[in-house]
Each structure stands twice: as C-alpha cells, then as structure tokens.
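Letters A, B, ... mirror the listed sequences (proteins, then strands); counts begin at 1.
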Amino acid sequence: MTRNRPDPSLLFHPRMPGNWWLRKRTYFLFIVREFTSVFIAAYLIVFLVQLYQLGNGPGAYQAFMGQFASPGWIGFHAVALAFAIYHSLTWFYTTSIVIPLRIGAMVAPRYVFTLLNVAVWLAVSAAILAIYLIW
Amino acid sequence: MNHRKTLEPMWWGLFSAGGVVAAFLIPIHIVLLGLAIPLGWLPGSAEIFQSWIVRLYLFVLISLPLYHWAHRFSFTMSDLGLRPIRKPLAILCYGSAIAGTVVTAWVLLRI
C-alpha cells in the first residue's frame, strides 16, 4: 500500500438507485454517450466477419455482402451510424473541454474547437470516400 | 512521495486513441460498407483490401476502438451498479479487447 493512495475499501461510495440515469435528461444523455462505444464495437465485429469472409474467397464474400441489402442489416447499419455520429460530436465537444483552444491569451469558445473538428472530420471522410472510388 | 506504478495511464491512452479513431473514421466506413455499397449507390469492390497499407490501416481502425469500448463499458457498467465486480469486469473487458486485437491481426493476415 502506498501513502498517496488510500485503501479503496475505506473510500465512501454513495449508493445510487439502479435507475439514477433516468432521473435527468443530462444523466440519460451521458449513458447514451457511453453506450455509443457498444454500437461501434458491434459494428467492428460485423466488419471483422466481413473481412473473414473475404479470406474465405470471392464467392463467400459476395454471398455475405448480398445479405447486407436486407432491411435488417440496413437497419443495423443505420442505427450503428446514428450512434457513431453521436460519438463523433460528443467526442469533439468533450475534447474542447479537455484541450481548450488558445489563441494568444484568449481561450476560444468551445463551439469553435468543436466546429473545427467537425470540419476536419468531414474532410477526412471525403478523402476516404475519394480513395475508395479512385482505387 | 511514493508513487505506485500502474497500467492505468496505458488504458486511458488506448481509450483516448480509440475515441479519436472512432470519431474521425468509423462513420464514413459504416456509410460506405454498410449502406452505400449494399444499397447499390456505389460499386462494391474488394480489391482495396489486398493492399498491405490498407490492411495496416484497418488493423488500427478496428483494434483501437475496441480498447475505447473496453474502457467505457467497464466504467459505465460499474456506474450502473456493477461496482462490486468492477475488477473481474475490467479484466473481462480489456481481455476481450486484447483478444479482439489478436483476431483482427489474424483475419487481416489471411485475406
């Protein structure tokens, strides 16, 4: 045990009711923000399966990709996209709090940093799209 | 002052890197591979995945956000009432992210 870290068992942890996150809109949005990571991870697992099928040969890959046109998969990707966009926006906003943008002695308003990040995000997305189309 | 060395900064670093990768790169991949190609808006070609640079990029794109998930999910489940089992929960989450990294490397190598 070290001197600068207290024994965890001696720390006070307030007991919260299980539904604390439903009590305020901001608490709910906090939980939504945290759960964006679940949808992103779920999408990445689907993407991994897609790449795995590619390793099984062109036939297996085409058959797998053919399923993606079904309403269920379109719905899954649409929901994953909505959560991914929410992650992007909340991440840029949170970054503006963690790393304040200073111009000289002045600290730029948070929305300036957030909007700059959104601009970079859109540019990067356009670049990836262009690379795919040119390839 | 006696500072104990922990792995915590490394997990926070991976969480942060994964958050940045997910924020800037994931949405366009969902649009492209999950919506635009299946719906026939854009041609679907798998040729791009043969490139080693693309595969290296995909390794970063897939593995880092897994650590981002592990960190957020472990902390959020703790906040939602699983604090008593936060240690095994953290091991399960970070362990899954490490396993996911190995699987990602394997999948990308066999394309």
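For chain B, no part of I45(A) is nearby; none of its heavy atoms comes within less than 4.5 Å. For V120(A), the parts lying under 4.5 angstrom from a heavy atom of chain B are both the backbone and the side chain. For F15(B), the parts sitting under 4.5 Å from any heavy atom of chain A are the backbone and the side chain alike. Only the side chain of Q50(A) comes within less than 4.5 Å of a heavy atom of chain B; its backbone N, CA, C and O stay farther away. The contact between T76(B) and chain A is made entirely by side chain atoms (from C-beta outward), counting heavy-atom distances below 4.5 Å. The contact between L32(B) and chain A is made entirely by side chain atoms (from C-beta outward), counting heavy-atom distances below 4.5 Å.
The aromatic rings of F47(A) and H29(B) are tilted relative to each other, their planes meeting at an angle between 30° and 60°.
Counting heavy atoms from C-beta outward, V124(A) and I28(B) have side chains that stay 4.5 Å or more apart. No side-chain heavy atom of F68(A) sits under 4.5 Å from any side-chain heavy atom of I37(B).
Both L61(B) and L122(A) belong to a single network of hydrophobic side chains, linked directly or stepwise wherever heavy atoms of I, L, V, M, F, W or Y lie under 4.5 Å apart. In this structure, L7(B) is a member of the same hydrophobic cluster as W12(B), with clusters built from ILVMFWY side-chain heavy atoms closer than 4.5 Å. Residues F59(B) and L33(B) share a hydrophobic cluster, clusters being chains of Ile/Leu/Val/Met/Phe/Trp/Tyr side chains in contact below 4.5 Å. I53(B) and V60(B) fall into different hydrophobic clusters, where Ile, Leu, Val, Met, Phe, Trp and Tyr are joined by side-chain heavy atoms under 4.5 Å apart, directly or via other members. Under the 4.5 Å side-chain contact rule for hydrophobic residues, V103(B) and L64(B) share a cluster.
Here the straight-line distance linking atom CG of L58(B) with atom CG of L51(A) works out to 6.0 Å at 0.5 Å rounding.
Proximity of a side-chain donor or acceptor of W91(A) to a complementary backbone N or O of F24(B) within less than 3.5 Å is not detected.
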Side chain to side chain contact (heavy atoms under 4.5 Å, CB included) assessment of V54(B) paired with I131(A):
CA-CA 11 Å; V54(B) 170; I131(A) 290 169; over 6 Å; no

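Listed options V31(B), I26(B), L80(B) were ranked by heavy-atom pairs under 4.5 angstrom with chain A; first place goes to L80(B). For chain A, the option among F75(B), F73(B), F49(B), W106(B) with the highest count of heavy-atom pairs below 4.5 Å is F49(B). Counting heavy-atom pairs under 4.5 Å between each of N56(A), L133(A), L48(A) and chain B puts L48(A) at the top. Heavy-atom pairs under 4.5 Å with chain A peak, among L25(B), T104(B), L108(B), I62(B), at I62(B).
When every heavy atom of V107(B) is checked against every heavy atom of Y52(A), the shortest pair comes out as CG1-N, 3.6 Å. Heavy-atom minimum distance, S88(A) versus A23(B): OG-O, 2.7 Å. When all heavy atoms of G19(B) and H87(A) are compared, the pair lying nearest together is O-NE2, 3.0 Å.
L109(B) belongs to a hydrophobic cluster with W52(B), counting contacts under 4.5 Å between side-chain heavy atoms of Ile, Leu, Val, Met, Phe, Trp and Tyr, direct or through other members.
Contact residues of residues 26-44 of chain A toward chain B are F30(A), I31(A), R33(A), E34(A), F35(A), T36(A), S37(A), V38(A), I40(A), A41(A), Y43(A), L44(A) (heavy-atom distance under 4.5 Å). For a heavy-atom cut-off of 4.5 Å, chain B lies close to I74(A), H77(A), A78(A), A80(A), L81(A), A84(A), I85(A) in residues 73-86 of chain A. Residue-level contacts of residues 39-48 of chain B with chain A, in order of numbering, are L39(B), L42(B), P43(B), G44(B), S45(B), A46(B), E47(B), I48(B); threshold 4.5 Å between heavy atoms.
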